[in-house]
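The block underneath contains the structure these notes are about, expressed in structure tokens.
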Amino acid sequence: MIISPSFHFDKIAMIFERFSPFKNLFSLLNQQVRSCARDPFPNKLTHYLHRAKLIDSIRLALRSNSPNSLNPLLQTRLLDSFVVANAFRSAPSADSAISFFENLKQVPNFEHSQNTIFAFATVLAKFKRKEELKALIGDAKDGKFNNVKVSFMNLLFWYSTAGDLQEVLETWEEYRNEENRLSTEAHNIIMGLYAQQGMNFAAVEAFRGMIDQGVIPNSRTYTILIEHLVRLGKLDAAMEVFTVLPSMRTKRTLKQFLILVEGFVGGEQFDVVKSLLKEMREDGKLPGRAMRIYLERMKEAGFAGETDEFLVEMLPDGRIKSVGSCEDSSDEDEDEDGDDDVNEGVDVHTVKLKPWLDPKALANALKQWSPEVVTVLEDAKFVWTSRLVCKVLRNFTSPETAWNFFCWVASQPGFSHDIYTVQRMMTLLARHGNVELVDKLINKVRREQMILPFSTIRLLVEFYGISKNADAALKVFRDDRTLCGHISRFNLMLLYSSLLRALTKCHRNTDALDILDEMILNGICPDIQTFSGLIYHFALQGDIKTVQQLFSMIRQSGMEPDAYMFKLLIQAYCKCQRAALAYRVFVDMRNSNLMPDAATKDLLVKSLWQEGRRKEAVIVEERYEETDGVLPLALRGHVWTVSSGDLTRVYSIYSNSIIAPA
């Protein structure tokens, strides 16, 4: 008689389970032993496909009026936290998610993970089920889900999604008491909720507090600002904020384009929409299907030439069949954040679902690329579109696997690479320093007369800097930038700046200074961020002569060093044990009526003391006392990217538009 390993373990676990200190341990081990006892899948892709099929079955069951349709699906050994978390995310209503959660309690040996609880809580928050959400959070905090932890960021996200301002503010205060500096996303959540609830002054103050604390806004921050302005009908102000983003080296997102297109189409300002579509091409953005309705309205207004190319990309792909249909008793809309998850219903009462697909999980399943995996992938009959291929490529961590997939998918029926998939592959290869393969793709672009987005050229230069390929970055700048067509003077300045940053990363100082001279001789003036980055780089190396030359260039260009540039210089000199030079920068800073932030002042004083310059350290402290002991918490800006002037400008646009008297 052969007894399975899980049989022995079940007996042992029953004995020890009565001893509470060991209960969680044996529960975890029980799951691990059962996992080992399962029939292994031949590869990760096969496992992924079986999981996907089960997730689709659960998605249909959650939409079914049959109360018993779910139970048989929960008895399979395939059921794990990955399947459950994705099933929760696909729940069409809070009631279906709650029913699913209750049914899971009857499944032997299933235990919730961080991902399943987060997914369930997010569904409850999305559908404003505040009481059930609080009860779930309470259970998690009480340890009822073993090792599941609830962070402050989790609470902020859930309460803000549920629209519970009081709980958000209480969590925020508790979070601030625990952490010295809150994350950008924490500030975004607070500011976004204020904006959604019409608390305009509070939203402006939240943004001001964020930048005053030295927290650098990200793309999502500016999405909140732009959406708030558009909601209030301040379209010109929203566009002005959007226009500043490239100078701050901040990525402009598809959602920002969508918000602006929606606003300007609604205002029938189609010339502005034309400009936005042109910039979308330059940024290499593949528009989402949510933009389709607005472009169709624009086409009806007589702008067919500007919209047809994008509308073709947005048409539903008839090759993608639904996994099934079911009667839907819910009035709630399916979550359509992912374009590949949900199909539109054919009528009011019936929901048809596209096959579930997770590009990140699929890319992970393709890690071990082999002939066997390729056979399984071909048998799976995926419908490959540019959008899907881009999403899968984005989630590969290995350039070799990504390249194998890229070459394989090119031969699949009904698919051919376009500029979107080519640029995605190029940037991934450049980041990992695969110069030869990037050159192959560049030759393909040149041969097929494709037009590369300007953003791709910049990314290639920047990623070659990260992978320490200075010569490749120079080649792209010299020989390949023509592939994106005409480049405006502003964009050329950004490209020069990216090249200078890449060269400094590669410690090609002479080349960097030569490129800077060329840039100025061509009438392209570097912005303050570029000068700040160069000054910081050369100061770290103790190259005083070059730093002084750069300062002279700044003033010759009609600019003045800002407080953040002085701060960078003080920090750099202190790091290379040149406190005397840092003190001279401090004196220049004070002569310009500027003061460092508290952290920079403390660093300078500490460095002066360590190098035996006590007199200078005392003078710095005395100057500090002259300000009544009040220094800014942080100075606005970030090396190479964000200037204090740009941040101040964005704040002025936002505050003047939001709280200015009517």
Side-chain angles (χ1 to χ4, degrees), residues 218-219 222-223 242-243 245-261 273-292 295 306-314 339 359 385-396 399 402 406 409 415-432 437-446 448-466 473 476-477 480-488 490-495 497-499 502:
N218 59 17
S219 293
Y222 297 114
T223 301
F242 184 73
T243 304
L245 300 187
S247 69
M248 294 192 289
R249 283 59 166 181
T250 300
K251 178 182 177 182
R252 298 191 296 190
T253 67
L254 197 54
K255 184 172 182 180
Q256 291 167 2
F257 279 106
L258 173 62
I259 292 166
L260 290 169
V261 167
V273 180
K274 282 174 58 178
S275 174
L276 285 167
L277 295 180
K278 178 177 178 291
E279 292 188 48
M280 278 181 65
R281 290 189 187 94
E282 291 182 353
D283 283 5
K285 300 294 182 190
L286 181 60
R289 296 183 188 123
M291 198 178 287
R292 180 180 171 187
L295 297 189
E306 291 80 1
T307 58
D308 280 347
E309 177 189 344
F310 287 121
L311 285 172
V312 169
E313 300 281 356
M314 299 176 191
D339 288 330
T385 63
S386 292
R387 191 183 307 277
L388 176 56
V389 170
C390 285
K391 288 182 177 181
V392 175
L393 287 173
R394 181 175 61 197
N395 285 289
F396 280 120
F406 181 85
V409 79
F415 178 80
S416 60
H417 285 297
D418 57 17
I419 198 62
Y420 298 108
T421 58
V422 170
Q423 65 158 351
R424 178 70 70 181
M425 189 71 246
M426 289 170 70
T427 51
L428 174 62
L429 292 169
R431 189 180 190 100
H432 289 85
L437 293 180
V438 173
D439 285 344
K440 280 187 178 181
L441 291 177
I442 286 176
N443 290 334
K444 172 185 172 67
V445 169
R446 185 174 281 113
E448 299 183 11
Q449 297 183 333
M450 295 180 179
I451 298 177
L452 271 179
F454 169 73
S455 63
T456 303
I457 295 294
R458 269 190 66 203
L459 281 174
L460 290 178
V461 170
E462 291 173 359
F463 286 157
Y464 277 143
I466 292 172
V476 170
F477 180 81
D480 303 325
R481 74 187 197 212
T482 56
L483 293 174
C484 63
H486 173 71
I487 302 177
S488 67
F490 175 73
N491 280 346
L492 190 54
M493 184 275 293
L494 293 178
L495 187 57
S497 182
S498 295
L499 179 60

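This chain uses plain numbering: 1 for the first residue, then up along the sequence.
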Between the OG1 atom in T385 and the NZ atom in K391, the distance rounded to the nearest 0.5 Å is 8.0 Å

Please determine whether side-chain hydrogen bond (donor to acceptor under 3.5 Å, both in side chains) holds for the pair S497 and R249, giving the CA-CA distance in whole Å, both sets of side-chain angles, and the decisive distance to 0.1 Å.
CA-CA 10 Å; S497 182; R249 283 59 166 181; 2.9 Å; yes

Taken to the nearest 0.5 Å, the spacing of L258 CG from M280 CE works out to 9.0 Å

Look only at the side chain of Q256 and the backbone of T253, and say whether a donor-acceptor pair between them is shorter than 3.5 Å.
yes

Side chains of F490 and P246: closer than 4.5 Å at any heavy-atom pair?
yes

Applying side chain to side chain contact (heavy atoms under 4.5 Å, CB included) to L441 and L429, what does each step give before you reach the verdict?
CA-CA 10 Å; L441 291 177; L429 292 169; 4.0 Å; yes

Given side chains that start at C-beta, do those of E462 and L459 come closer than 4.5 Å, heavy atoms only?
yes

How about T250 and N218: do any of their side-chain heavy atoms sit closer than 4.5 Å?
no

Kindly give the heavy-atom pair with the smallest separation between M425 and P399, and that separation in Å.
CE-O, 4.3 Å

Give the minimum heavy-atom separation between A502 and G465, together with the two atoms involved.
CB-CA, 3.6 Å

Any side-chain heavy-atom pair from V389 and L393 closer than 4.5 angstrom?
yes

Nearest-0.5 Å distance, CG of residue L495 to OG of residue S455:
11.5 Å

Taking only residues two or more places apart in sequence, or in another chain, which ones meet S275 in a side-chain contact (heavy atoms from CB on, under 4.5 Å)?
E279

Heavy-atom distance under 4.5 Å between the side chains of S219 and R252, does that happen here?
no

Looking only at atom types and distance, does a side-chain atom of R458 sit under 3.5 Å from a main-chain N or O of L499, one as donor and one as acceptor?
no

CA sep, side-chain torsions, deciding dist, call: F454, L483, side chain to side chain contact (heavy atoms under 4.5 Å, CB included):
CA-CA 9 Å; F454 169 73; L483 293 174; over 6 Å; no

Should E282 and N491 count as side-chain neighbours, where that means a heavy-atom distance under 4.5 Å?
yes

Could you grab the distance from atom CZ of F257 to atom CG of L277, nearest 0.5 Å is fine?
9.0 Å

Using the side chain to side chain contact (heavy atoms under 4.5 Å, CB included) rule, take I457 and F477 through it: C-alpha gap first, then chi angles, then the decisive distance, then the call.
CA-CA 8 Å; I457 295 294; F477 180 81; over 6 Å; no

Do H417 and F406 have ring centroids that are under 6.0 Å from one another?
yes

With rounding to the nearest 0.5 Å, note down the distance linking CZ in R394 to OG1 in T427.
11.0 Å

Heavy-atom pair with the smallest gap, counting every atom of L460 and A430:
CD2-CB, 3.6 Å

Close side-chain approach of I419 to I451, heavy-atom, < 4.5 Å:
no

Are the ring centres of Y222 and F242 closer than 6.0 Å?
no

Please determine whether side-chain hydrogen bond (donor to acceptor under 3.5 Å, both in side chains) holds for the pair D418 and S386, giving the CA-CA distance in whole Å, both sets of side-chain angles, and the decisive distance to 0.1 Å.
CA-CA 7 Å; D418 57 17; S386 292; 2.5 Å; yes

Rounded at 0.5 Å granularity, tell me how far CG in L276 sits from CE in M291.
8.5 Å

Is there side-chain contact between K444 and M426, with heavy atoms separated by less than 4.5 Å?
no

Could you go through R446 and D480, starting from their C-alpha distance and side-chain angles, then the distance that decides it, and tell me whether this counts as salt bridge (Lys or Arg N to Asp or Glu O under 4.0 Å)?
CA-CA 9 Å; R446 185 174 281 113; D480 303 325; 3.1 Å; yes

